[in-house]
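When reading the values below, keep in mind they use all heavy atoms of this one structure, side chains included, and skip hydrogens, waters and symmetry mates. Just so we're clear, the structure is a prediction, and the values are computed from it rather than from any experiment. Letters go in sequence order (proteins before strands), and every chain restarts at 1.
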Amino acid sequence: MINIPKGTKDVLPYESYKWHYVENIIRDLTKNFGFSEIRTPTFEHTELFLRGVGETTDIVNKEMYTFEDKGKRSITLKPEGTAGVARSYVENGLSEAPQPMKMYYITPVFRYERPQAGRLREHHQFGVELYGSDSPYADVEVISVAKSLFDKVGITELELNINSIGCPVCRAEYNKALKSYLKDHIDGMCPTCKERLDKNPLRILDCKEEKCKAVNAKAPRVIDYLCDDCKAHHETVKNILDSLGIKYTVNPNIVRGLDYYTKTVFEFVSTSIGAQGTVCGGGRYNNLVKEVGGKPTPAVGFGMGIERLLMVLESLNLSVGEVEVPTVYVAPLSQDLIMDAYKIVADLRKEGVSAETDIIGRSLKAQMKYAGKRGYKFVVVIGDEEIKNGVVKIKDMSQGTEDPVQLINLAKEIARK
RNA sequence: GUGGGUAUAGUUCAGGUGGCUAGAAUGCCAGAUUGUGGCUCUGGAGGUCGUGGGUUCAAGUCCCACUACUCACCCCA
């Protein structure tokens, strides 16, 4: 037997309705906020991610699905959604379309990692991108989309953490201060943090080792080093969130793992789905568009893991939508009547009523069982009598009651119920 | 890349110190005096016990290796 590649998942026929449920909510909600869908390729030139995501990140260093195609081009399966959108924005001259440009996507993303609960090699992200505004209102606009989605599906337990990591100017200042602090304490820290000291000292703040946490607690904080502009931006974001009644925690230790972030960073974290609790992560990335070859354009957005979102819904026993089954099952009493049943089903379908009939030649009893198990609302049994008289009974499966109706009015009657 | 755990029907799992013709529940299919599901009862199909070696008269059970899955670190959605 050939089995599924490590870290991937099938969405089976009896569970795909859950995906439709969240996707439908996403499409309604983004429309409500004025975002339009953008679809970019599943793979891009590797170069895009090197420049866009950043060469020092783990994603680029060790997690990309990169291969050479038959034309000797280096191709990479998208490890995140933002870089492709930035590329498309530049390549298609979207900066000349009415601004701001508000986009969203639902896409698979690929990272070569060791799978565990809530972490896959292929997962799906819903992402939102807002280009062309440096206003704190844009940050909040994006956060609001995520927040509204969680509200809509009934999730109240997610905690919103926000932080500001400043712009290149103030971050340079901060990095200096942080490094000099850490140098004095590095001996007591874990090996990975020692390594990070030179490469990416910001990440040290995110370490979960107890001894490192203790050091980090007293480390200089980014927000104390923000320049006036970044500081004002951060304060305004908080003020707007406050006035909208969106609760948050300022967490000086959140640092996103992608190089392109500036100013605002945020994440929505769950405690109910295991160690991989970040359901949604995002922030502002004012340097990205320039980085991939466009003119400097402020941008803000987030990525949300759909698998993780579903995990949260199920762990909290919240609705994940309803099984998708046609409305009516038409049951021929015997094999002689299959043709009649099939015609009735065809008519119902033409009238826009979803319907199904027996195509494997089962007994009436077996058909009833099938209809009951799959959750049909109505069953119509077709026998010689019914055909002769042109009158059938609509059985309501949840009530167990039967109502007679003229065969020619069947579709109308069902639509009415 | 580094640790820990687990591998027996479609699924969830039983099978102390080696002796089975490998079980249960659930699901699937069929039936319970031939026109009706959910409850109940009966029957049936379905496993080379992850793979390969080894010990033994005898291995699902003990030993070794491999593989897969899984959880955690790392990192992230």
[N] phosphate, OP1 or OP2, under 4.0 Å from [X] side-chain N/O:
X	N	value
Q116(A)	rC73(B)	yes
R362(A)	rC29(B)	yes
Q125(A)	rC76(B)	no

Show me the donor-acceptor pairs, under 3.5 Å and distance only, between side chains in residues 155-162 of chain A and residues at least two apart or in other chains.
residue : atom : partner : partner atom : Å
E157(A) : OE2  : S270(A) : OG           : 2.9
E159(A) : OE2  : T249(A) : OG1          : 3.0

Close N or O pairs between protein and nucleotides 39-45 of chain B (under 3.5 Å):
none

>> Applying a 4.0 Å non-hydrogen cut-off, can you work out what R374(A) is touching in the nucleic acid: base, sugar-phosphate, or nothing?
In response: nothing

Examine distances only and state if a side-chain atom of [X] and a backbone atom of [Y] form a donor-acceptor pair shorter than 3.5 Å.
X	Y	answer
D358(A)	G361(A)	yes
R111(A)	R121(A)	no
N61(A)	T57(A)	yes

> For RNA chain B, which residues in residues 6-45 of chain A have a heavy atom at a distance below 4.0 Å?
Replying inline: K6(A)

> Under a cut-off of 3.5 Å for both distances of each Watson-Crick or G-U pair, what dot-bracket string does RNA chain B give, using [ ] for crossing pairs and | for inter-strand pairs?
Replying inline: (((((((..((((.....[...)))).(((((.......))))).....(((((..]....))))))))))))....

>> Applying salt bridge (charged side-chain N to carboxylate O under 4.0 Å, His left out), can you list everything that pairs with E413(A), at least two apart in sequence or on another chain?
In response: R416(A)

>> Taking side-chain contact (heavy atoms from CB on, under 4.5 Å) as the definition, give me every residue that meets it alongside Q276(A), ordered by chain and number, with sequence neighbours left out.
In response: Q116(A), R119(A), R308(A)

>> Give me each pair satisfying ring pair (Phe, Tyr, Trp, His ring centres under 6.0 Å) with a member in residues 102-126 of chain A, each pair once, sequence neighbours excluded.
In response: W19(A)-H124(A), Y65(A)-Y112(A), F126(A)-F302(A)

Identify all pairs in which a protein N or O lies below 3.5 Å from an N or O of nucleotides 33-36 of chain B, and state each distance.
residue : atom : partner : partner atom : Å
rG35(B) : N1   : E386(A) : OE1          : 3.1
rG35(B) : N1   : E386(A) : OE2          : 3.0
rG35(B) : N2   : E386(A) : OE2          : 2.8
rU36(B) : O2'  : K395(A) : NZ           : 3.4
rU36(B) : O2   : K395(A) : NZ           : 3.1
rU36(B) : N3   : E402(A) : OE2          : 3.0

> In Å, rounded to the nearest 0.5 Å, how long is the span from CZ of R284(A) to OG1 of T264(A)?
Replying inline: 6.5 Å

Side-chain donor-acceptor pairs of residues 339-351 of chain A under 3.5 Å, sequence neighbours excluded:
residue : atom : partner : partner atom : Å
R349(A) : NE   : A355(A) : O            : 3.1
R349(A) : NH2  : A355(A) : O            : 3.0

Can you name the atoms? Protein N/O to nucleotides 8-12 of chain B N/O, anything below 3.5 Å, with the distance.
none

> Quantified in whole Å, what is the P atom distance between nucleotide rC63(B) and nucleotide rA68(B)?
Replying inline: 22 Å

>> For T76(A), give me all partners under side chain to side chain donor-acceptor pair (under 3.5 Å), at least two apart in sequence or on another chain.
In response: T46(A), T66(A)

>> Tell me whether the side-chain N or O atoms of R119(A) pair up with the base of rC71(B) as donor and acceptor below 3.5 Å, since no angle test is needed here.
In response: no

Would you be so kind as to tabulate the donor-acceptor pairs closer than 3.5 Å made by side chains of residues 141-150 of chain A, with sequence neighbours excluded?
residue : atom : partner : partner atom : Å
E141(A) : OE2  : K102(A) : NZ           : 2.5
S144(A) : OG   : V140(A) : O            : 2.7
K147(A) : NZ   : D151(A) : OD1          : 3.4
S148(A) : OG   : S144(A) : O            : 2.7

> Side chain of A366(A): nearest nucleotide among rA30(B), rC76(B), rG37(B)?
Replying inline: rA30(B)

